[in-house]
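Presented below is the structure to which this report refers.
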Number of protein chains: 2
Amino acid sequence: MEPKGIPGLNAEESTAWMSLMAMTMWLPAALDVQLSRDEGISNFEYGALAALAQNECRSMRIKDLARMANGTFPRLSKMIDRFEKQGWVIRRPDPDDGRATRAVLTAEGLRKVAVATPAHIALARELVFDQLTSEQVEQLTTITQKVFRAAGPDGACASRMT
Amino acid sequence: MEPKGIPGLNAEESTAWMSLMAMTMWLPAALDVQLSRDEGISNFEYGALAALAQNECRSMRIKDLARMANGTFPRLSKMIDRFEKQGWVIRRPDPDDGRATRAVLTAEGLRKVAVATPAHIALARELVFDQLTSEQVEQLTTITQKVFRAAGPDGACASRMT
DNA sequence: AGACTTTAGTTGCCTTGTCAAGTGAGTCGT
DNA sequence: ACGACTCACTTGACAAGGCAACTAAAGTCT
């Protein structure tokens, strides 16, 4: 956070960039620390379990999970191996497409998400929402949506990155 | 980004949180893709090299580098091994403290940063600053600074996480 | 000065992630 | 309807990161 300019960015942009990079370093790390200490899972794994829990059929195709979580196939495949060993998920062939596999959340898995969620959300509130006015929360939504649209899977960037 | 509420957060906070998580997933990933494709280094490694380059003595104690980059000692130690193999950095004992090691950027290393920076910054501009008004850039700075203060190394959270 | 603690870093082992190759089911062209 | 191609994974070998144990220098206490 020095007053050092970044070549190609003006002063405001330099500050914003350093501050944004700092946040993207530390916020996920803080979430990881809490989750792995209290629940033995990473933030990435929590996201996957929570995504399964939200989908009211309690399951998702691995492909969709990978896309949503920005993970590769092997990474998801191995994560689901771990989940199966824990009894949180089972693999089921997709009835609509013989190639696809669905990851199905078990009752155990659903319980795990339910147990892990409160402290996770409490930390989210502490680190983010307690720091911001409700106006700033709105601004945050607007800004992060715009950046996500550019950087996310459908962004102009993603297509150039093949 | 469904209209699905997160228990413990109101509607606006839920949207903000999902959007923020999405951004923190995809933005660093996009930077990683560009850097590793074009320069063979990760965003994390770029950050370390750039930090060394900015420090006008072209060097830093490993401890400070670790703290700044939110990395562990072993991680930094091994990263510097790789940098030494590439000829970008050399290790030098710190004259002021016999325990400490300084990572010193070589001319090669400085050149590497100089070569890598323009495309990296261009992508930063494309993904973030081109998407935002200058007012939003200011808002982004304010918001990310607040979150960083809470989640970063000096935040109330960090001290509780020992 | 000598023992104890703290600090800074390295090393080894294990887990996790990545990349490339392989498998098997669907799709498309003729 | 048969071969070629694509898609959705899985597997295996390797690289990178995390944790715990170790080394060595600095500080601290008496």
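We name chains A, B, ... by the order of the sequence lines, and we start the count at 1 in each one.
- Atom CZ in B:R67 sits roughly 11 Å away from atom P in C:dA8 (whole-Å rounding).
- The residues B:R67 and B:D154 are annotated as salt-bridged, a charged nitrogen and a carboxylate oxygen being separated by less than 4.0 angstrom.
- One interatomic measurement links the two molecules: CE of B:M25 to P of C:dG17, which rounds to 12 Å at whole-angstrom precision.
- B:I41 has its CD1 atom 15 Å from the C1' atom of D:dA16, to the nearest Å.
- Look at CZ on B:F83: it is 16 Å from P on C:dG9, rounded to the nearest Å.
- Across B:L127 and B:Q131, no two heavy atoms sit closer than the pair O-CG, 3.2 Å.
- The separation between B:D94 atom CG and C:dT7 atom C1' is 13 Å, rounded to whole Å.
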Distances under 3.5 Å between protein N/O atoms and the N/O atoms of nucleotides 7-12 of chain D, please, pair by pair.
from   : atom 1 : to     : atom 2 : distance (Å)
D:dC7  : O4'    : A:R99  : NH1    : 3.0
D:dA8  : OP1    : A:K63  : NZ     : 3.4
D:dC9  : OP1    : A:T101 : N      : 2.5
D:dC9  : OP1    : A:T101 : O      : 3.2
D:dC9  : OP2    : A:K63  : N      : 2.8
D:dT10 : OP1    : A:R91  : NE     : 2.9
D:dT10 : OP2    : A:S77  : OG     : 2.7
D:dT10 : OP2    : A:R91  : NH2    : 3.3
D:dG12 : O6     : A:K78  : NZ     : 2.9

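- The nearest pair of heavy atoms linking B:T144 to A:S19 is OG1-OG, 2.7 Å.
- What separates CZ of A:R75 from C1' of D:dG17 is a distance of 12 Å, to the nearest Å.
- Across all their heavy atoms, A:G71 and A:F44 have their closest contact at CA-CZ, 4.2 Å.
- Between A:N70 atom CG and C:dG17 atom P there is a gap of 13 Å when expressed in whole angstrom units.
- A salt bridge is absent between A:D64 and A:R102; no separation between the charged side-chain nitrogens and carboxylate oxygens falls under 4.0 Å.
- The distance between atom CG of B:D96 and atom P of D:dA25, rounded to the nearest whole Å, is 16 Å.
- Proximity of a side-chain donor or acceptor of A:Q54 to a complementary backbone N or O of A:A51 within less than 3.5 Å is not detected.
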